[in-house]
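Okay, so here's the structure we're looking at.
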Amino acid sequence: MKVRHGVMWALFLALVVAVQIHSPEPVEPEVLAYRDVPDETFWTLRRHALRFAEARAREGFAFLEGTPASASFQIQCKGVPVLHVERQPPLLLIRVALGTEHRAPAIFPLQASLQWSLVPLSYLEQVLSGVQEPTLQDRLLTLAGDVPEDGRCGVR
């Protein structure tokens, strides 16, 4: 019985080490929520994302408009959402899908350019607003599934 318990403990530690090596936890949580912006700023963000997708359509990127009822849009990589921007007054949410660093790393410069002029909420404000961080299970599932070469966008 002690041997089985020891083996299980060793497997658990190996999993923890693997997660730390492949996906170290950031010191600060990823900022997902920002203070709402005027209509003009939102449409500028949208236009910038649309141009990004149009310029990289041959690499597999596509722009998808949200429903008429919601002010949102997303960038997809070969049909898989990798960036989603949604306006939910009093918030503006920018989400990058887990695993995007493997599927579509070109999204990160776009994300940075969209965020540069926005006012982020503090971690406490995000929690109080109901904005949730990805769970450990979500992060582990991302590590478990490798993205095949033909499922990637903008990778040279």
Side-chain angles (χ1 to χ4, degrees), residues 16 18-156:
V16 170
V19 168
Q20 290 298 320
I21 290 170
H22 288 42
S23 178
E25 284 296 312
V27 176
E28 296 280 327
E30 180 181 3
V31 177
L32 300 172
Y34 301 86
R35 301 206 188 292
D36 195 17
V37 295
D39 290 342
E40 181 180 320
T41 302
F42 179 78
W43 293 113
T44 300
L45 297 175
R46 182 193 169 282
R47 188 170 42 253
H48 189 65
L50 176 62
R51 288 182 183 150
F52 170 90
E54 288 175 344
R56 291 169 176 80
R58 287 185 165 199
E59 298 173 22
F61 288 104
F63 180 88
L64 185 65
E65 192 74 57
T67 65
S70 73
S72 67
F73 58 86
Q74 67 178 232
I75 302 288
Q76 295 185 345
C77 166
K78 298 184 179 176
V80 177
V82 290
L83 177 94
H84 184 254
V85 178
E86 185 174 4
R87 195 170 176 202
Q88 295 180 351
L91 303 175
L92 177 76
L93 303 174
I94 298 179
R95 294 186 184 102
V96 175
L98 291 174
T100 296
E101 66 274 7
H102 302 294
R103 181 177 299 281
I107 283 298
F108 293 106
L110 172 64
Q111 177 191 16
S113 69
L114 295 177
Q115 293 173 330
W116 78 269
S117 65
L118 302 176
V119 179
L121 296 182
S122 70
Y123 180 70
L124 180 58
E125 288 173 314
Q126 286 189 84
V127 170
L128 294 174
S129 298
V131 177
Q132 296 180 353
E133 285 286 311
T135 65
L136 178 60
Q137 180 181 2
D138 294 334
R139 293 180 193 275
L140 289 174
L141 288 174
T142 301
L143 289 176
D146 193 21
V147 179
E149 194 67 35
D150 63 349
R152 298 177 184 181
C153 297
V155 179
R156 290 183 169 78

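No hydrogens, no waters, no symmetry mates; every other heavy atom, side chains included, goes into these values. Since this is a predicted model, take the numbers as computed values, not measurements.
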- Message: Quick check: closest heavy atoms across Pro120 and Tyr34, and the distance to 0.1 Å?
- Response: CA-CD2, 3.5 Å
- Shortest non-hydrogen pair, Gly79 vs Pro81, comes out as O-CD, 3.7 Å
- Message: To check you understand the geometry: which heavy-atom pair defines the closest contact between Leu114 and Leu45, and what is its length?
- Response: O-CD2, 3.4 Å
- Query: Which heavy atom of His48 sits nearest a heavy atom of Ser113, and at what distance?
  - Reply: NE2-OG, 2.9 Å
- Task: Indicate the atoms forming the closest heavy-atom contact of Cys77 with Arg103, along with that distance.
- Result: SG-CG, 3.6 Å
- Message: Under the criterion side-chain contact (heavy atoms from CB on, under 4.5 Å), I'd like the reasoning laid out for Ile94 against Leu118: C-alpha separation, chi angles, the key distance, then a yes or no.
- Response: CA-CA 11 Å; Ile94 298 179; Leu118 302 176; 3.7 Å; yes
- Answer yes or no: is there a side-chain heavy-atom contact under 4.5 Å between Thr100 and Leu83? no
- Report the distance from atom CZ of Arg35 to atom CG of Leu92, rounding to the nearest 0.5 Å. 12.0 Å
- Query: About how many Å separate CG of Leu110 and CZ of Arg56, when rounded to the nearest 0.5 Å?
  - Reply: 8.0 Å
- Could I get the full list of salt bridge (Lys or Arg N to Asp or Glu O under 4.0 Å) partners for Glu54, not counting sequence neighbours? none
- To the nearest 0.5 Å, atom CD of Glu65 lies from atom CZ of Arg46 at 4.0 Å
- Task: State the OG-CZ distance between Ser72 and Arg95, to the nearest 0.5 angstrom.
- Result: 10.0 Å
- Distance in Å, Thr44 OG1 paired with Asp39 CG, rounded so as to fall on 0.5 Å steps: 10.5 Å
- What class does the angle between the rings of Phe73 and Phe42 fall in, given that below 30° is parallel, 30 to 60° is tilted and above 60° is perpendicular? tilted
- Could you grab the distance from atom CG of Leu32 to atom NE2 of His84, nearest 0.5 Å is fine? 12.5 Å
- Message: Looking at every heavy atom in both Ala49 and Ile75, which two are closest together, and how far apart are they?
- Response: O-CD1, 3.4 Å
- Item | Partners meeting side chain to side chain contact (heavy atoms under 4.5 Å, CB included) with Pro89 (sequence neighbours left out) | Asp36, Arg87
- Task: Please list, chain by chain and in numerical order, all residues satisfying side chain to side chain donor-acceptor pair (under 3.5 Å) with Thr41, sequence neighbours excluded.
- Result: none
